[in-house]
J.: 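The structure under discussion is supplied below as structure tokens; questions concerning it will follow.
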Number of protein chains: 2
Amino acid sequence: MNRPTDKAVDAPRACFIAAGLDVLGERWALLALREMSLGVHRFDQIARNTGASRDILVGRLRTLENQGVIERVQYSERPPRYEYHLTTSGAEVAPILISLAAWSSTWMRDETPRASYRHSCGADLKPVVSCAECGEEFTPGSLMLGPLVSAAGTDPPSDQ
Amino acid sequence: MNRPTDKAVDAPRACFIAAGLDVLGERWALLALREMSLGVHRFDQIARNTGASRDILVGRLRTLENQGVIERVQYSERPPRYEYHLTTSGAEVAPILISLAAWSSTWMRDETPRASYRHSCGADLKPVVSCAECGEEFTPGSLMLGPLVSAAGTDPPSDQ
DNA sequence: ACAAGTCAGTTGGAAAATCAAACTCACTCG
DNA sequence: CGAGTGAGTTTGATTTTCCAACTGACTTGT
């Protein structure tokens, strides 16, 4: 009763981009991760530097913690106070932030002055994305759909 | 009355990551761009494949058009019908989608089956991000703040 | 000692964004 | 002629977000 071509009224594409956005795509999430990448770990400073309201920021940080992207590290007993730190998973968000910063500094050409980014070597941010397998640079259009998978092909990296 | 260290009650960090998110960070925007990257250009299919409601999708597509990320291409006079295509700027969003897909397929390890992505060479998606200047691979933490800039350092790429 | 400040949240109510489904309009196809 | 397609628009509910004030447990300055 179900030939392979039967699509149940065309459900939205379930792909890893959509899944990633479920975690990282909520408002303020990536900016909070940006702060931690830059060495800012405390609630008040993250709130100030991102501009997020404190209440929704609490929600985002909890979601990111539940997803294993960040972790709370207690730095005071009385009163209990926590710092927010990137896990391995969170640290690996960097390429997303880098690509975003690079795209933005190329294409957002208006008058407003903004903080730019650079590589630790001192050079302006010019990331090159290439395929680990063939070494070729990714060109627009070289991203293609692959098969459906449940857990990524090979090794599950254990966090921390 | 304004020493360099006076910070006007700590405004949120104005940086290129935040600016990029203003354009690409709204709900459905990146998924719509994903569709166009995959060769889907018509409204109904973009709505179906992303899962966005038609009304907000209209809004997103208009914003992306105004920002020069996509353009509408008329393919029928009567009734007027348009296709949505990536501009050069839109095509260069690919590294963001690639990084997101790669992060997600590494870290979203639950049971639900999702479409994976691959490079056009056939290999599973394993992007390597390196610095165009020094050639070194970007490691977590190698992203650093640079100076404030108004329009990116050098050449404004003309679109198309 | 007491007032003021820091820090990580909570709370409550208003404002904005999103959602889903139905509806429109201009056609095309059988 | 009737059904279907395609790109929206409309409507009214639901969900998120925003903002400012408030709390509780301290710490620091005078």
J.: Starting from C1' on D:dT17, measure out to CG on B:Asp22 and report it in whole angstrom.
T.: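 Rounded to the whole Å, the gap is 15 Å.
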J.: Could you check how far CG of B:Leu61 sits from P of D:dT9, rounded to whole Å?
T.: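 Whole-Å distance recorded here is 11 Å.
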J.: Going by the rule side-chain contact (heavy atoms from CB on, under 4.5 Å), which residues pair with A:Arg114 if we only count those two or more places apart in sequence or in a different chain?
T.: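 side-chain contact (heavy atoms from CB on, under 4.5 Å) check on A:Arg114 returns A:Met108, A:Asp110, A:Thr112, B:Phe16, B:Ala19.
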J.: Is A:Glu35 salt-bridged to B:Arg13, going by a charged N under 4.0 Å from an acidic O?
T.: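 Salt bridge between A:Glu35 and B:Arg13, a charged N being under 4.0 Å from a carboxylate O: yes.
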J.: Rounding to a whole Å, what distance do you find between B:Leu57:CG and D:dT9:P?
T.: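 Those two atoms, CG and P, are 11 Å apart.
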J.: Whole angstroms only, please: what is the CD-P distance between B:Glu77 and D:dA7?
T.: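 About 16 Å, once rounded to whole Å.
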J.: If you compare every side-chain N and O of A:Tyr75 against the phosphate oxygens of C:dT6 (OP1, OP2), does one of them come in below 4.0 Å?
T.: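 Negative; the distance criterion is not met.
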J.: Please check: side-chain N/O of B:Thr87 versus main-chain N/O of B:Val69, any donor-acceptor pairing under 3.5 Å?
T.: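 Yes, because the side chain of B:Thr87 sits within donor-acceptor range (under 3.5 Å) of the backbone of B:Val69.
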J.: May I ask you to decide whether A:Glu65 forms a salt bridge with A:Arg72, counting only side-chain N to carboxylate O separations under 4.0 Å?
T.: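 Answer for the salt bridge query: yes.
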J.: Rounded to whole Å, please give me the gap between CG in A:Asp44 and P in D:dT27.
T.: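 Those two atoms, CG and P, are 17 Å apart.
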J.: Let me confirm one number: the CD1-OG distance from B:Ile17 to A:Ser104, rounded to the nearest 0.5 Å.
T.: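 Between atom CD1 of B:Ile17 and atom OG of A:Ser104 there are 8.5 Å.
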J.: Quick one: A:Asn49 CG to C:dA8 C1', roughly how many Å, whole number?
T.: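 From A:Asn49 CG to C:dA8 C1': 16 Å.
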J.: With distance as the sole test, does B:Arg60 use its side chain to make a donor-acceptor pair with the main-chain N or O of B:Arg27 at under 3.5 Å?
T.: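 Yes; judged by distance alone, with no hydrogens or angles, the pair exists.
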J.: Does B:Arg62 have a side-chain nitrogen or oxygen under 4.0 Å from the phosphate oxygens OP1 or OP2 of D:dG8?
T.: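 Answer is yes, contact under 4.0 Å.
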J.: Nucleotide by nucleotide, 5' to 3', does protein get under 4.0 Å of the base (B), only the sugar-phosphate (S), or neither (-) in nucleotides 13-20 of chain C, counting heavy atoms?
T.: -----SBB
J.: Classify the nucleic acid contact of A:Arg78 as base, sugar-phosphate or nothing, counting any heavy atom under 4.0 Å across all strands shown.
T.: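 Counting heavy atoms under 4.0 Å across all strands, the contact made by A:Arg78 is with sugar-phosphate only.
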J.: Whole angstroms only, please: what is the OH-P distance between B:Tyr82 and C:dA26?
T.: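 About 14 Å, once rounded to whole Å.
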J.: Might you confirm whether atom CD of A:Glu77 has over 12 heavy atoms from other residues, nucleotides or ligands at distances under 6.0 Å?
T.: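 No, CD of A:Glu77 has 12 or fewer neighbouring heavy atoms, counting only those of other groups under 6.0 Å.
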J.: According to a strict under-4.0 Å criterion, is B:Tyr84 in side-chain N/O contact with OP1 or OP2 of D:dG6?
T.: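 Answer is no, no contact under 4.0 Å.
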J.: I need the CZ-C1' distance between B:Phe43 and D:dA7, as an integer number of Å.
T.: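 Distance check: B:Phe43 CZ to D:dA7 C1' gives 6 Å.
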